[in-house]
There are 2 protein chains.
Amino acid sequence: MNHISKKKPEKDRLPTLLMEKGVRPTRQRLVLASYLFNGCHKHVTAEQVMAAVKKRKQTGVSLATVYNSLHTFTEAGLLREIPVGQTCSFFDTNTSGHHHFFDEVSGQLCDIPADALRVSGVLTPPAGRKIGSMDVTVRLVKASSRS
Amino acid sequence: MNHISKKKPEKDRLPTLLMEKGVRPTRQRLVLASYLFNGCHKHVTAEQVMAAVKKRKQTGVSLATVYNSLHTFTEAGLLREIPVGQTCSFFDTNTSGHHHFFDEVSGQLCDIPADALRVSGVLTPPAGRKIGSMDVTVRLVKASSRS
DNA sequence: GTGTTTGCAAAGTGTTTGCAATTTA
DNA sequence: TAAATTGCAAACACTTTGCAAACAC
């Protein structure tokens with residue numbers, strides 16, 4: 001059989017993805033990457049990642065490593081951290097510019113379609129600073145409650 | 001002397017302010033209100049409020065009461081809570097719609113002039129939900145560091 | 001008086017860290 | 001083999017809570 005394929009076999013996709021970003025593809029990081037970067041964008045917290053890993057019976061990844069890896073991936077540009085208040089950190093596998101609804105009832109984050117919201121203006125950061133990121137988070141509450 | 005004045009004496013301003021919002025003007029809440037609602041808008045954390053109260057030698061307000069009161073004031077519409085990540089909660093004495101720079105270097109929050117940033121679009125919240133609030137937070141980093 | 005608020009200290013939550021053992025290049 | 005990474009448990013920072021005493025109306 002022709003096992004020298006010109007295309008990367010699927011099994012090499014994730015190690016390659018990490019290496020391209022300068023992230024050493026350790027076993028634990030590959031377990032996390034296989035959940036995070038499976039083609040379906042998601043918003044996750046560290047706890048959710050931990051739970052997902054456990055559900056797939058892929059053991060041997062500690063919570064500390066989940067936190068470390070989420071930050072490593074974020075620094076490498078593979079994830080985007082979404083600030084949602086002091087409850088917990090969300091990480092978004094879609095790193096391109098878009099904004100979010102944060103549903104305070106369910107604790108879930110979901111995308112606002114890019115064309116539904118436009119932010120415009122000319123921002124001048126204070127001296128010695130530059131804009132690191134801009135996030136628009138629209139908080140959702142129960143429809144019955146008063147504003 | 002005509003001590004029945006038609007205008008509220010200054011000393012009654014804060015008790016009245018709280019009572020109008022249905023917040024019982026206890027001694028501790030008045031101490032906090034005298035710092036928060038002195039006419040100069042500010043962004044504060046619970047620790048900062050605690051420190052300010054101590055500096056004015058107005059003792060007898062515990063940290064737990066600061067937290068309780070900040071939330072009470074927020075529910076009453078006297079403050080606005082600004083979500084800035086999981087570091088700590090900021091409260092803004094300016095409750096009208098405006099947005100913020102969050103300086104990650106100094107940990108300070110500062111206003112973005114209302115006319116410097118325009119958010120437009122037609123947002124349709126998911127079923128059973130309505131928009132509670134919208135926040136734009138622009139994170140500032142050191143000018144030298146890469147994006 | 002009666003229900004609300006306070007203060008303390010203890011518990012809680014989400015996250016980070018120190019360091020020896022392990023793994024990767 | 002040298003440097004990076006992991007896992008555990010302890011440490012952490014910020015916040016909330018339980019409950020008796022104090023207070024506001």
Quiz item: Parallel, tilted or perpendicular for A/His100 and A/His43, by the 30°/60° rule?
Solution: perpendicular

Quiz item: Atom CE of B/Met50 and atom P of D/dT15: how far apart are they, to the nearest Å?
Solution: 13 Å

Practice problem: Would you check, one step at a time, whether the test side-chain hydrogen bond (donor to acceptor under 3.5 Å, both in side chains) holds for B/Ser89 with B/Glu81? | Solution: CA-CA 7 Å; B/Ser89 291; B/Glu81 190 165 2; 3.3 Å; yes

Quiz prompt | Pair partner, D/dA24 [Watson-Crick or wobble, under 3.5 Å] | solution = C/dT2

Quiz item: Is the number of heavy atoms from other residues, nucleotides or ligands under 6.0 Å of B/Arg56 CZ greater than 12?
Solution: yes

Quiz item: Less than 4.0 Å between a side-chain N and a carboxylate O, is that true for A/Asp135 and A/Arg80?
Solution: yes

Quiz item: Along nucleotides 13-25 of chain C, 5' to 3', which nucleotides get a B, which get an S, and which get a -, given that the test is a protein heavy-atom distance under 4.0 Å?
Solution: -SSBB------BS

Quiz item: Has A/Thr65 got a side-chain N or O lying under 4.0 Å from the OP1 or OP2 atom of D/dG7?
Solution: yes

Self-check item: Any donor-acceptor pair under 3.5 Å from A/Glu75 side chain to A/Thr72 backbone
Solution: no

Quiz item: Between B/Asp111 and B/His41, does any side-chain donor sit less than 3.5 Å from a side-chain acceptor?
Solution: no

Quiz item: Atom NZ of A/Lys54 to atom C1' of D/dG7: distance rounded to whole Å?
Solution: 13 Å

Exercise. Return the value, rounded to whole Å, for the distance between atom CG of B/Leu30 and atom C1' of D/dC23.
Key: 13 Å

